[in-house]
Amino acid sequence: MTSLEDRLRDIVGDAHVLVDRDVMASYESDWTGRFRADARCVVRPADTAEVSAVVSACRDDGVQLCIQGGNTGLVGGSVPVDGAVVLSTRRLSGIGEIDALSAQVTVGAGATLSAVQSVVRAAGFDVGVDFAARESCTIGGMASTNAGGERVLRYGTMRAQVAGVEAVMPDGSVVSRLAGLPKDNTGYDVVGLLAGAEGTLGILTQLRLRLVPLLPGRAVALVAVGSTRDAVDLVVAARSLSTLEAAELFYADGLELVCAHTGLASPFADAHPAYVLLECADREDPSELLLEALESAGDVVRDATVASDARGRHALWAYRESHTESINAVGVPVKLDVAVPIGELAALVDALPAAVEAAAAGSRLVLFGHVNEGNLHVNVLDALDHDDAVTEAVLKLVSSYGGSISAEHGVGRHKRDWLGLSRSPEEIAVMRGIKASLDPQGLLNPGVLL
Ligand code: FAD
Ligand code: MLT
Ligand code: ZN
């Protein structure tokens, strides 16, 4: 009987079955360095048919598969379990013709966000989701985690951008719904089920994306405020701007880490407790109305700087987007992406330090996030030895404020054991039933989500 590796080589070609430990290393650990395992091998199929053949070969041998796109996931869902085959979607990177009439495009699951952005922007369109991992994260991974990012305020999360998918199911069959009809009410929402399933129900190989108009007129404001409450008040007021596209939040300690790591000069002469970044976008420069909104916000605004030129805007975004790498440069954090009703955000931020200190004495808490959605990124440094205690403390606190244990990163393997804080036993039973009927052998992404 030929080995599984040899059968995989027959399917994808020798060059696309990786077995060398050093070569596999980058596929075996996650972006933060917090999760890792020993894969049996890495296989890189070129198209849906090869993905289907790989799935059937692994199923016949009872060998589990872990699906990987850009491996920028932050909840331990993109790395293998020991002995599993990593199926990398990186070669599924095609980008189809833009359908200008329906404002849609079909892309390979392995296409990176930035590659799709440059193609569609050249044609006057844009992708409705954007965030700092754009160079590496893939459209398939973004759909699988129902990623959020910086434009949810205006365009929603990744699921809202997905008009259709092609996917290989655990039995090797191919589901293909790529027509992208705006109205197609014919039964269960298979597309919506697979988007956000974190690779546990099927392997996305192609996606039909809804595109949004490219808006060249952009203005960014970085606003210094005195507290989380002031930040929330400012964002709620700014929502009256029809051009508002992003509202982000970070704090003095995170800004200090960013300036130390990147060498950026502090944005203002004085340090302030908290900072809000607002971005407005339209066909023309929206600075005027943004400045008026800041004026009318009164003394909530301690200081502010506004930029509408590309360089100036990117410089202001760098303070926010450099948080993840600047924190990781200091050490591997326990990362918890959570959401609470925006009215509870200030109370959560006030309660976190004591809860985290009790779970991991002497640890360092760094917060930032997408304030409009009440989405906070809780990063706890010097706490890896207390990962479970910190996770338990933070997720229970979030749940006590009526929040979600995962706002946009998904559940992965990291938060699986706390799923019950956000989903009822009945809902989890339904999810288990779906998993059991579609993947009875537990072939795909073992331990992720359930
Ligand atoms: P991977 O990490 O490879 O995989 C993620 C999950 O999806 C895994 O469970 C994997 O098995 C599954 N998967 C991947 N591809 C497929 C497929 N084709 N079919 C089925 N399952 C698949 N996330 C946000 O939501 N908002 C942010 O603002 C944000 N900012 C980030 C900034 C940085 C610097 C970094 C490093 C990460 C950030 N992330 C953010 C997290 C991450 O980028 C997202 O979760 C992204 O969606 C992961 O895409 P990926 O291609 O890297 O997927
Ligand atoms: C972000 O908003 O920058 C990301 O979700 C990454 C993170 O949480 O570190
Ligand atoms: Zn985020």
Side-chain angles (χ1 to χ4, degrees), residues 27 30-33 35 45 48 51 55 65-81 84 86-90 92-93 107-113 129-152 157-159 165-170 194-207 246 248-250 254 258 277 317 320-328 333 335-339 366-371 373 375-379 406-414 416 444-449:
Y27 295 87
D30 80 313
W31 190 92
T32 65
F35 306 101
T48 301
V51 171
V55 168
L65 274 157
C66 294
I67 325 310
Q68 192 177 96
N71 198 15
T72 64
L74 295 169
V75 287
S78 58
V79 293
V81 293
V86 171
L87 187 151
S88 168
T89 65
R90 292 194 191 178
L92 300 168
S93 55
V107 302
T112 62
L113 174 55
V129 169
D130 189 23
F131 52 87
R134 58 184 70 83
E135 299 303 328
S136 309
C137 65
T138 64
I139 299 295
M142 290 165 67
S144 284
T145 56
N146 185 27
E150 299 153 1
R151 298 181 170 182
V152 169
T157 61
M158 191 60 188
R159 191 180 271 126
V165 298
E166 181 163 284
V168 175
M169 305 309 285
L194 293 175
E198 299 187 55
T200 59
L201 301 179
I203 302 169
L204 301 175
T205 55
Q206 293 197 72
L207 296 103
E248 300 288 316
L249 169 66
F250 54 88
V258 164
L277 184 143
W317 266 110
R320 165 61 182 84
E321 291 201 341
S322 308
H323 267 70
T324 307
E325 68 184 64
S326 304
I327 292 166
N328 238 72
K335 291 179 81 75
L336 293 154
D337 148 55
V338 296
V366 185
L367 303 174
F368 63 97
H370 315 278
V371 48
E373 296 88 52
N375 181 182
L376 198 64
H377 292 313
V378 180
N379 291 257
S406 175
E408 57 176 15
H409 294 169
V411 172
R413 290 192 181 91
H414 177 221
R416 179 196 58 221
L444 299 189
N445 276 6
V448 170
L449 182 56

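As the structure lists them, so they are numbered: ligands from 1, and atoms in each ligand from 1.
In terms of polar-atom proximity, defined here as any N/O pair under 3.5 Å, S136 makes no such contact with ligand 1. Some N or O of I67 is nearer than 3.5 Å to an N or O of ligand 1, by distance alone. Backbone and side-chain nitrogen or oxygen atoms of H377 are examined, and one is located within less than 3.5 angstrom of a nitrogen or oxygen of ligand 2. When only interatomic distances are considered, the shortest N/O to N/O separation between L204 and ligand 1 falls below 3.5 Å. In terms of polar-atom proximity, I203 is not counted as a contact of ligand 1, lacking any N or O under 3.5 Å from an N or O of the ligand. Checked by distance only, ligand 1 and G70 come closer than 3.5 Å through their nitrogen or oxygen atoms. Any N or O atom pair closer than 3.5 Å counts here, and W31 shares no such pair with ligand 1. For a threshold of 3.5 Å applied to N or O pairs, the pair formed by T89 and ligand 1 contains no separation below that value. At a 3.5 angstrom cut-off on N or O pairs, E150 does not count as close to ligand 1. Of the polar atoms of G148, at least one N or O is found under 3.5 Å from an N or O of ligand 1, judged by distance alone. Between T145 and ligand 1, at least one N/O pair is under 3.5 Å apart.
At a 4.0 Å cut-off, at least one heavy atom of H370 sits close enough to ligand 1 to count as contact. Put simply, no part of A167 is less than 4.0 Å from ligand 1, judged by heavy atoms. Within the 4.0 Å heavy-atom cutoff, E408 counts among the residues contacting ligand 2.
The shortest distance between side-chain heavy atoms of T157 and V129 does not fall below 4.5 Å. Residues R90 and Q68 meet the side-chain proximity criterion, which asks for heavy atoms closer than 4.5 Å. By the 4.5 Å heavy-atom criterion applied to side chains, T324 and K335 are counted as neighbours. Contact check for V258 versus H323: side-chain heavy atoms found under the 4.5 Å cut-off.
In summary, the atoms of ligand 1 found under 4.0 Å from a heavy atom of E198, numbered by their order in the structure, are 9 (O). Atom numbering of ligand 1 starts at 1 in the shown order; those under 4.0 Å from a heavy atom of A147 are 25 (O), 47 (O). Interface atoms of ligand 1 facing M142, defined by a heavy-atom separation under 4.0 Å, are 47 (O), 49 (O). Contact atoms of ligand 1 toward S78: 1 (P), 2 (O), 3 (O), 4 (O), 8 (C) (distance under 4.0 Å to a heavy atom of the residue). Counting the atoms of ligand 1 from 1 in the order shown, those under 4.0 Å from a heavy atom of A109 are 18 (N). Below 4.0 Å from some heavy atom of G77 lie the following atoms of ligand 1, by number and element: 8 (C), 9 (O), 10 (C), 11 (O). Atoms of ligand 1 lying under 4.0 Å from any heavy atom of Q68, numbered from 1 in the order shown and given with element: 3 (O). Below 4.0 Å from some heavy atom of G73 lie the following atoms of ligand 1, by number and element: 2 (O), 52 (O).
Only the side chain of L74 comes within 4.0 Å of ligand 2, counting heavy atoms alone; its backbone N, CA, C and O stay farther away. If you look at F131 next to ligand 2, there are no close heavy atoms at all, none under 4.0 Å. Contacts between H370 and ligand 2 below 4.0 angstrom, taking non-hydrogen atoms only, involve the side chain exclusively.
Scanning all protein heavy atoms for the shortest distance to atom 2 (O) of ligand 2 gives R320 NH2, 2.6 Å. Scanning all protein heavy atoms for the shortest distance to atom 12 (C) of ligand 1 gives S144 CB, 3.8 Å. Ranking protein heavy atoms by distance to atom 26 (N) of ligand 1, first place goes to E408 OE2, 3.0 Å. Residue, atom and distance of the protein heavy atom nearest to atom 9 (O) of ligand 2 are K335 NZ, 2.6 Å. From the protein, the heavy atom lying nearest to atom 28 (O) of ligand 1 is F131 CB, 3.2 Å. For atom 6 (C) of ligand 2, the closest non-hydrogen atom of the protein is T324 OG1, 3.3 Å. Annotation: atom 5 (O) of ligand 2 to nearest protein heavy atom, H409 NE2, 2.7 Å.
Looking at S78 and N71, their side chains do bring a donor and an acceptor atom within 3.5 Å of each other.
The two atoms that bring V51 and L87 nearest to each other are CG1-CD1, 4.1 Å, heavy atoms only. Nearest heavy-atom pair across F35 and V75 is CE1-C, 4.0 Å.
Residue contacts to the Zn ion (ligand 3): H409 brings no N, O or S atom closer than 2.8 Å.
Below 30°, between 30° and 60°, or above 60°: for H370 and H377 the angle between ring planes is above 60°, a perpendicular geometry.
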